[in-house]
Amino acid sequence: MPDTTTAVEEVSEAQIAVHWKEEEYYRPPAKFVGQANLTDPSVTERFSLDKFPECFKEYADMLTWDQYWHTTLDTSNAPFWKWFVGGKLNACFNCVDRHLTRYQNKAALIFVPEPEEERPEIITYRELWQRVNEVAAMLREFAGLKTGDRVTLHLPMVPELPITMLACARLGVIHSEVFGGFSGEACGVRIADSGSRVLITIDGYYRNGKLIDHKANADIAVRMAEQNGQKVDKVLVWRRLGKQSATATPMIGGRDYDLRDVMKEFAGQKVAPVSMPAEAPLFLMYTSGTTGKPKGCQHSTGGYLSYVAGTSKYIQDIHPEDVYWCMADIGWITGHSYIVYGPLALAATSLIFEGVPVYPDAGRPWRIAERLNVNIFHTSPTAIRMLRKAGPDEPGKYKYHFKHMTTVGEPIEPDVWRWYYTVVGKGEAVIVDTWWQTENGGFLCSTKPALDPMKPGSAGPAVPGIFPVILDENGDEVPAGSGRAGNICIRNPWPGIFQTIWGDPDRYVNTYYRKYAKNKDSKDWRDWPYFCNDGAMQAADGYYRILGRIDDVINVAGHRLGTKELESACLTVEEVTEAAVVPVVDQVRGRVPEIYITVKPGVQPSKAIEEKVVRVIETSIGKIARPKEVRIVPDMPKTRSGKIMRRVLAAISNSMDVGDVTTLANPEVVEQIRVSVQGKAKVEQKTGPEDIRKFGQER
Ligand code: WTA
């Protein structure tokens with residue numbers, strides 16, 4: 001139930017809606033339409049609800065199956081969906097081997113190192129095949145990994161990352177890649193949760209002009225995993241710099257192995273791809289949710305790969321001839337689906353960039369695009385805002401031509417969209433604003449690039465075969481064009497949907513299905529709408545505008561951070577008694593966390609304590625979670641039952657009106673905190689974005 005102790009709720013949804021004006025449409029450029037994969041409007045008919053689930057055969061048929069499936073969708077254990085049951089295939093074979101006859105000499109991956117003087121490394125399909133085979137042989141013979149085992153990868157943007165992933169897929173070993181920027185501790189927690197005995201890492205990598213010692217994180221990760229009950233037998237270390245070492249951290253005898261040496265034994269070896277059941281897990285991807293514990297989203301082999309291949313073809317418009325660059329990190333779901341599995345399933349050339357977009361300057365991405373003739377570009381609103389701020393005229397200085405551009409991960413402001421369209425895309429590229437989540441495997445909403453007009457700030461209609469519905473708290477439908485927001489859900493399962501949360505099926509059901517399940521014993525998918533945990537509204541034209549998370553997740557620079565994870569880290573600082581994390585609007589990164597803490601009686605508030613809190617956030621999660629401010633307050637605003645009112649703190653941090661707080665247990669503290677943050681003068685009544693207004697609301 002919504003908490004009624006503050007007046008923030010008094011602003012109606014309709015009032016919020018008017019802050020957002022309807023934007024004009026942009027038509028897909030004719031040149032794009034002329035070459036697009038999906039130009040037949042009958043796709044809507046082919047993927048209509050009455051054709052569900054058989055419509056997804058169209059995607060599955062883009063793959064090569066060792067054995068065809070007999071049941072498209074098995075709902076007998078709803079909401080644990082099984083796609084393409086009876087089918088067998090190998091994901092690595094589909095992304096590599098099957099392209100050898102036509103494309104063995106074509107670039108599969110182009111690795112662009114961050115130092116500009118280091119040349120791009122081009123890996124053909126033939127070479128990728130050989131390297132993947134060698135690594136698979138090593139994983140099987142040396143690391144002792146077999147089908148169904150989990151292995152944790154903590155790798156940055158280097159070619160060894162997709163190569164290792166594909167080698168795992170070749171053996172049916174379940175990979176769990178932890179974003180390279182996450183701390184050793186965060187990695188260790190994920191190793192333990194997944195039950196990995198092997199950690200694959202690298203000595204170092206370049207980031208923002210610096211050589212980062214990454215091996216140091218492995219030692220912390222192993223220690224942390226052990227504290228959480230999981231022993232790591234082997235740490236396999238790739239090398240970034242040929243002969244030299246990129247780390248000062250010593251190797252531990254009997255545990256750490258230098259892959260540069262180990263791999264010599266496996267040169268030229270070959271390993272047959274293991275034919276896997278369609279519903280065998282392909283990988284785990286950890287993400288944040290409402291509780292402190294990260295969730296290991298388990299993705300399937302056949303359903304997932306079909307879905308990313310299909311959406312890469314129809315929405316990303318990937319052809320084998322394209323040079324495709326997704327600037328996300330492979331350590332997030334976007335990279336798994338739309339740098340590695342989707343593009344490679346279609347025999348595209350996929351570019352991997354090691355560094356940050358603005359290093360050494362804001363012209364870097366456009367120089368890369370010009371040099372390598374990139375024609376499809378994919379990035380996040382944060383990167384776009386960053387590039388615009390650092391070099392608003394840079395794109396015009398380079399002779400590249402994009403036919404297609406993607407934005408993903410956060411809502412994009414119409415103004416930023418227009419800069420992307422006009423300056424980055426030079427008015428020649430179609431844009432897709434793709435909305436989806438780690439749990440989803442692939443896109444949920446986006447325009448079909450050659451068929452639907454674009455509307456800045458809107459993700460567009462649902463993609464083929466996806467049927468969203470916006471529900472209110474009572475489960476009633478919020479109609480399109482009503483100007484009201486609600487909880488966006490998907491009526492139907494789809495092949496890319498995750499299978500479960502690793503080791504926690506109850507949490508899977510409770511988080512995503514319990515709220516709106518019509519009948520908990522039903523085996524009919526119609527009774528199990530998928531609850532996305534996002535707020536959204538639908539315009540009269542059917543386009544969805546995504547308003548952001550409605551759980552306690554903050555979307556920082558397009559990445560999900562759980563506030564509970566941050567808060568529990570703060571509580572490990574000995575001076576801290578209570579911690580509350582709230583999102584603050586940031587011009588570049590979308591949202592950033594701000595932390596409120598109280599300290600133990602007798603402890604003097606100090607800069608040193610604030611710095612300790614910042615450090616603990618960096619070591620337990622990573623630099624990405626660095627708070628904008630740490631504020632030591634005399635007390636937290638609380639309800640009479642003692643619950644911290646995070647919504648009040650979020651309002652204060654975002655210069656919003658806190659509303660009526662007289663029913664709180666300690667209303668006077670609100671004014672004290674407000675004055676210390678905002679200054680003496682009372683701020684004007686100001687309503688903030690939906691995710692911030694709704695933040696910390698009890699559900
Ligand atoms: C948000 C990233 C608006 C949303 C693929 C979602 C978006 C969360 C968009 C998932 C978009 C993603 N417009 N918001 N185009 N794309 N989001 O799991 O709140 O890292 O729930 O997956 O990002 O983030 P995740």
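Ligands are counted one by one from 1 in listed order, and the atoms in each one are counted from 1 as well. Just so you know, residue 1 is the first one in the sequence shown, and it goes up from there. Remember, predicted model here, so these are calculated numbers, not experimental data.
The protein atom (non-hydrogen) at minimum distance from atom 10 (C) of ligand 1 is Trp436 O, 3.5 Å. If you check which protein heavy atom lies closest to atom 16 (N) of ligand 1, you get Gly409 N, 3.1 Å.
Note: His559 and Trp332 meet the aromatic proximity criterion, with ring centroids under 6.0 Å apart.
By the salt bridge (Lys or Arg N to Asp or Glu O under 4.0 Å) test, Lys623 pairs with no residue at all, sequence neighbours left out.
Within the 3.5 Å criterion, the main-chain N or O of Thr334 finds no donor-acceptor partner in the side chain of Ser337. Side chain of Asp452 to backbone of Lys448: a donor-acceptor contact under 3.5 angstrom is found.
The contact set between ligand 1 and Ile546, taken as ligand atoms under 4.0 Å from a residue heavy atom, comprises 3 (C), 14 (N). Residue Thr334 approaches ligand 1 through these ligand atoms, each under 4.0 Å from one of its heavy atoms: 5 (C). Taking every non-hydrogen atom of Asp534 and a distance limit under 4.0 Å, the qualifying atoms of ligand 1 come out as 4 (C), 6 (C), 19 (O), 21 (O). Atoms of ligand 1 lying under 4.0 Å from any heavy atom of Arg560, numbered from 1 in the order shown and given with element: 10 (C), 18 (O), 20 (O), 24 (O), 25 (P).
Residue contacts with ligand 1, taken as heavy atom pairs separated by less than 4.0 Å, do not involve His559 at all. Contacts with ligand 1 closer than 4.0 Å are made by heavy atoms of both the backbone and the side chain of Thr438. For Asn555, every heavy-atom contact with ligand 1 shorter than 4.0 Å involves the side chain, none the backbone.
Phe531 carries Lys515 over the face of its six-membered ring, with the cationic atom under 6.0 Å from the centre and within 45° of the normal. Cation-pi geometry between Arg190 and Phe182 is met: under 6.0 angstrom from the ring centre, within 45 degrees of the axis.
Side chains of Thr287 and Arg560: a donor on one and an acceptor on the other come within 3.5 Å. Between the side chains of Glu410 and Thr382, at least one donor N or O lies within less than 3.5 Å of an accepting N or O.
An N or O contact shorter than 3.5 Å links Thr434 to ligand 1 by distance. Looking at Glu439 next to ligand 1, no N or O pair under 3.5 Å apart turns up. Note: no N/O pair closer than 3.5 Å links Thr287 and ligand 1 by distance alone.
Classified by interplanar angle (parallel below 30°, tilted 30° to 60°, perpendicular above 60°), the ring pair His299/Phe498 is tilted.
Closest heavy-atom approach to atom 15 (N) of ligand 1 within the set Asp691, Asn533, Asp433: this belongs to Asp433.
Heavy atoms from other residues, nucleotides or ligands lying under 6.0 Å from NZ of Lys389 number 12 at most.
In this structure, Trp332 does not count as a contact residue of ligand 1, since none of its heavy atoms falls inside 4.0 Å of the ligand. Under a 4.0 angstrom heavy-atom cut-off, Pro411 registers as being in contact with ligand 1.
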